[in-house]
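Here is the naming used below: chain letters follow the sequence lines, and residue numbers restart at 1 for every chain.
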Amino acid sequence: MAWWLFKTEPDTYGIDDLQREGVSPWEGIRNYQARNRLRDEIQCGDQVFIYHSSCKVPAIVGLAEVVQAAYPDPTQFDPASPYHDGKSDPQAPRWLRVDVAYRGHAGTPLTLQAVKTDPALAHLELVNRSRLSIQSVDEAAARHILDLLAPLTRHT
DNA sequence: GCCAACGTTGGC
DNA sequence: GCCAACGTTGGC
């Protein structure tokens with residue numbers, strides 16, 4: 001079981017939306033490195049920190065779990081979708097998505113500022129490779145983040 | 001809204 | 001396959 005951090009813009013799709021839906025596809029990933037991680041590394045049961053970017057207070061705001069491993073993202077073939085990719089071949093889909101299930105809100109969101117200033121977290125991709133939308137989190141850091149998020153409010 | 005960082009594209 | 005131009009991301 002591995003730990004990840006998925007970025008999302010709350011104005012588009014945030015932790016509240018995920019809570020409302022319970023389980024949701026994580027779609028619209030259009031970056032090869034992120035796609036490769038979805039394809040090669042992410043497994044059902046992996047834990048996912050949800051991070052809000054491009055907003056007033058960028059922060060880790062909750063937890064989710066991968067409940068369906070990678071499969072083709074249908075939005076790439078939908079001309080009406082903002083994620084449409086006319087160059088993707090239906091016989092060899094270029095983009096993938098996974099399904100995630102809501103696991104809880106952070107009692108206290110862990111702000112980017114706090115991540116940057118915490119020696120135990122300063123090595124995270126969130127700090128060093130901030131543009132990557134699918135980031136890996138080592139277990140020690142993950143445990144630390146969980147402590148800082150506590151209490152996690154779970155709604156099921 | 002600015003702009004630095006960085007990913008993608010395409011001419012050669 | 002290099003690399004300049006261009007587009008996007010995202011914190012500030």
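At distances below 3.5 Å, not a single donor-acceptor pair connects side-chain atoms of A/Q43 with backbone N or O atoms of A/M1. One N or O on the side chain of A/D46 and one on the backbone of A/A2 form a donor-acceptor pair closer than 3.5 Å. Between the side chain of A/E125 and the main chain of A/S136, a donor-acceptor pair closer than 3.5 Å is present. The closest donor-acceptor contact from the side chain of A/S81 to the backbone of A/Y83 lies under 3.5 Å.
Within 4.0 Å of A/K56, counting heavy atoms only, lies no atom of the nucleic acid at all.
Distance, A/Q113 CD to C/dG11 P: 12 Å, rounded to whole Å.
Using a 30° and 60° split on the angle between ring planes, A/Y13 and A/W26 fall in the perpendicular class, above 60°.
Between A/R94 and A/D85, at least one side-chain nitrogen of the basic residue sits less than 4.0 Å from a carboxylate oxygen of the acidic one, meeting the salt-bridge criterion. A salt bridge links A/R30 to A/D73: at least one charged side-chain nitrogen sits closer than 4.0 Å to a carboxylate oxygen.
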* From CA spacing to verdict: ring-ring contact (aromatic ring centres under 6.0 Å, His included), A/W95, A/Y32 -> CA-CA 8 Å; A/W95 306 114; A/Y32 288 104; 4.8 Å; yes
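Judged purely by distance below 3.5 Å, without hydrogens or angles, the side chains of A/W3 and A/D138 never pair a donor atom with an acceptor atom.
Remark: A/N31, A/Y32 in residues 29-41 of chain A come within less than 4.0 Å of DNA chain B through at least one heavy atom.
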* Using Watson-Crick or G-U wobble pairs with both distances under 3.5 Å, give me DNA chain C in dot-bracket, 5' to 3', with [ ] for crossers and | for pairs to another strand. => ||||||||||||
* Base-contact (B) and sugar-phosphate-only (S) positions in nucleotides 2-9 of chain C, heavy-atom cut-off under 4.0 Å, - elsewhere -> -----BBS
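For A/Q113, the CD atom counts as loosely surrounded, since its 6.0 Å shell holds 12 or fewer non-hydrogen atoms of other residues, nucleotides or ligands.
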